[in-house]
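Reviewing the structure listed below.
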Amino acid sequence: MNMQSTNRNKILIVKPSSLGDVVHSLPFLNALKKSLPQAKIHWVIAKGLEGLLEGHPMIDKLIIINKDMWKKITYARHTLNEITLLLKELKREKYDLVIDVQGLLRSGIITKSTRSPMRVGFREAREGSRFFYTHKVKGGRDIHAVDRYLKIAEFLGCEIKDVRFPLPSYPVSSSNQSLTSEDYAVIIPGARWRTKVWPAEKFGELASKLTLKTVIVGARSDIKAADTIASLSEGKSLSLAGKTDLRELIEIIRHAQFVVSNDSGPMHIAAALDIPVFAIFGPTDPVRTGPYGYGHTVIREDIPCAPCFKKTCKDMKCMNDLSLEKVYRIIEKKRD
């Protein structure tokens with residue numbers, strides 16, 4: 001499809017979440033903006049993730065939705081009012097092109113509500129969202145999310161060979177400015193699923209063996225694990241879990257020598273920044289959601305049931321059986 005053949009002056013990207021998925025969408029944004037540098041691009045983003053895109057030079061407007069609150073029945077009346085106002089706002093914008101990269105019922109409804117003459121999404125989008133599109137693109141399942149999203153860019157006539165993650169630099173708080181001038185590695189012990197989490201005790205023992213100082217980052221929910229790691233690190237770890245916003249997290253990762261992480265959103269930030277990643281995988285598939293690009297290492301235990309994509313598991317053998325010695329040996333071999 002020729003991007004210049006029809007009007008593409010105003011574009012909406014619907015990709016509210018999650019953190020890793022939004023990071024995976026950045027090469028798509030880059031390809032779109034390079035093909036249409038004069039186009040105004042708006043983006044629907046979930047509350048809590050807006051720090052990743054606020055002030056981004058390729059995005060003209062963020063539309064922030066509080067989707068997590070939409071699920072709570074006690075906020076039903078407020079949610080209804082919020083959604084009604086949102087759909088009216090989107091309709092008023094008169095978008096020439098709307099792209100649903102999320103592919104769920106909620107994002108499909110948002111896409112349809114714009115009444116844009118061209119609404120693009122994946123043919124295999126879930127929850128019936130594909131019925132809200134005017135154009136459907138075959139993305140595929142057994143390919144990396146970055147390459148899947150770029151298939152829509154290719155359908156729109158964009159050049160996709162030069163894959164770039166446009167992540168601007170952000171200021172670092174005065175309390176952490178001295179940190180970013182040192183040599184350190186980053187440990188990311190959290191993940192959205194419990195089954196994707198390598199034990200904090202093993203991260204702590206790893207930190208005690210590494211020659212570099214380590215900085216532990218994560219959300220407030222990761223503070224307990226981070227404290228465990230720091231206590232076992234023999235004084236070689238600093239915990240910043242729950243102490244950084246999203247932008248400062250990006251900058252701390254940007255200045256790291258390497259990152260050791262579970263399959264998580266911050267892991268994808270590190271890969272996008274070309275920081276070498278040692279990614280610990282269990283129930284998920286690194287072919288689809290591993291660290292994108294070159295110079296990264298996936299570490300996993302050879303378990304017949306993995307990847308199972310389960311969010312709950314009784315024994316979590318894929319994670320619990322992965323030894324500290326194996327992880328340390330792989331890191332040291334790659335770092336030599």
Side-chain angles (χ1 to χ4, degrees), residues 20 23-24 27 144-147 163-165 167 179-191 196-218 222 225-226 229-230 232-241 249-303 306-307 317-336:
V23 173
H24 289 154
H144 199 282
V146 170
D147 297 319
V163 180
R164 294 183 183 272
F165 292 82
L167 269 174
L179 170 65
T180 57
S181 64
E182 303 175 26
D183 287 340
Y184 61 88
V186 164
I187 288 177
I188 305 170
K196 295 197 290 185
V197 175
W198 198 46
E201 292 77 11
K202 293 186 179 182
F203 270 119
E205 292 179 53
L206 176 66
S208 72
K209 293 171 71 69
L210 293 173
T211 54
L212 274 181
K213 171 183 178 179
T214 52
V215 177
I216 311 160
V217 297
D222 301 318
I229 296 167
L232 294 172
S233 72
E234 300 180 0
K236 296 167 71 176
S237 286
L238 169 68
S239 175
L240 293 181
L249 172 69
I250 291 171
E251 293 309 307
I252 289 169
I253 292 174
R254 190 192 300 272
H255 290 87
Q257 298 295 304
F258 63 91
V259 167
V260 187
S261 177
N262 299 316
D263 178 13
S264 65
M267 177 200 77
H268 296 299
I269 290 174
L273 294 169
D274 285 330
I275 304 301
V277 176
F278 294 94
I280 297 173
F281 267 70
T284 49
D285 186 356
V287 171
R288 300 185 191 180
T289 59
Y292 191 86
Y294 302 100
H296 309 302
T297 306
V298 171
I299 307 173
R300 59 195 311 196
E301 194 64 12
D302 186 15
I303 300 290
K317 288 179 67 65
C318 60
M319 283 300 187
N320 293 331
D321 287 5
L322 180 61
S323 70
L324 157 69
E325 290 74 20
K326 179 176 179 177
V327 174
Y328 176 70
R329 186 172 63 251
I330 291 172
I331 293 174
E332 286 299 292
K333 185 177 180 180
K334 286 278 186 176
R335 294 292 296 169
D336 281 347

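Separation of atoms CD1 (Ile216) and CG (Asp222) is listed at 10.5 Å; rounding is to 0.5 Å. One distance of note links CE of Met319 with CZ of Phe281; it measures 8.5 Å at 0.5 Å rounding. Expressed to the nearest 0.5 Å, how far CD1 of Ile253 lies from CG of Leu273 amounts to 7.0 Å. Here His255 contributes atom NE2 and Ile250 contributes atom CD1; the two are 12.5 Å apart, rounded to the nearest 0.5 Å. In this structure, the separation between OG1 on Thr297 and CD1 on Ile280 is 11.5 Å, given to the nearest 0.5 Å. Within the model, atoms OG of Ser237 and CD1 of Ile229 stand 7.0 Å from one another, a figure rounded to the nearest 0.5 Å.
Of the possible donor and acceptor atoms, none in the side chain of Lys334 sits under 3.5 Å from a partner among the backbone N and O of Pro276. A donor-acceptor distance shorter than 3.5 angstrom exists from the side chain of Lys326 to the backbone of Arg300, with no hydrogens or angles considered. A donor-acceptor pair is defined here as one N or O able to donate and one able to accept, closer than 3.5 Å; such a pair exists between the side chain of Lys236 and the backbone of Leu210. A distance-only check finds a donor-acceptor pair linking the side chain of Asp285 to the backbone of Val287 [under 3.5 Å].
The two residues Ser261 and Val259 come nearest to each other via the heavy atoms CB-CG1, 3.9 Å. Scanning both residues, Ala145 and His24, for their nearest heavy atoms gives CB-ND1, 3.6 Å. Here the closest heavy-atom approach between residue Pro266 and residue Leu249 is recorded as CG-CD2, 4.1 Å. Between Met267 and Thr289 the shortest heavy-atom distance is CE-O, 3.6 Å. Shortest non-hydrogen contact noted between Ala191 and Lys196 is CB-CB, 3.8 Å. Residues Ala207 and Thr214 share a closest heavy-atom pair of CB-OG1, 3.7 Å.
Between Ile275 and Val186 the shortest side-chain heavy-atom distance does not fall below 4.5 Å. Looking at Cys318 and Pro283, their side chains come closer than 4.5 Å, going by heavy atoms from C-beta outward. Contact annotation: the side chain of Tyr294 never approaches that of Asp274 to less than 4.5 Å [non-hydrogen atoms, C-beta and beyond]. For the pair Phe165 and Ile269, the minimum side-chain heavy-atom distance is 4.5 Å or more. A heavy-atom distance below 4.5 Å is found between the side chains of Ile252 and Tyr184. Between Asp263 and His268, the closest side-chain pair of non-hydrogen atoms falls below 4.5 Å.
Salt-bridge annotation for Glu251 and Arg254: present, with a side-chain N of the basic residue lying under 4.0 Å from a carboxylate O of the acidic one.
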task: Check step by step if side chain to side chain contact (heavy atoms under 4.5 Å, CB included) holds for Val260 and Trp198.
output: CA-CA 11 Å; Val260 187; Trp198 198 46; 5.6 Å; no
field: From CA spacing to verdict: side chain to side chain contact (heavy atoms under 4.5 Å, CB included), Glu301, Asn320
entry: CA-CA 9 Å; Glu301 194 64 12; Asn320 293 331; over 6 Å; no
task: Please step through side chain to side chain contact (heavy atoms under 4.5 Å, CB included) for the pair Val197 and Phe203, ending with a clear verdict.
output: CA-CA 10 Å; Val197 175; Phe203 270 119; 5.7 Å; no
- request: Take Phe258 and Leu212 through the side chain to side chain contact (heavy atoms under 4.5 Å, CB included) test and state the conclusion after the steps.
  value: CA-CA 10 Å; Phe258 63 91; Leu212 274 181; 3.7 Å; yes
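Within a 6.0 Å sphere centred on NZ of Lys317, heavy atoms belonging to other residues, nucleotides or ligands number 12 at most. Around atom CZ of Arg335, more than 12 heavy atoms belonging to other residues, nucleotides or ligands sit under 6.0 Å away.
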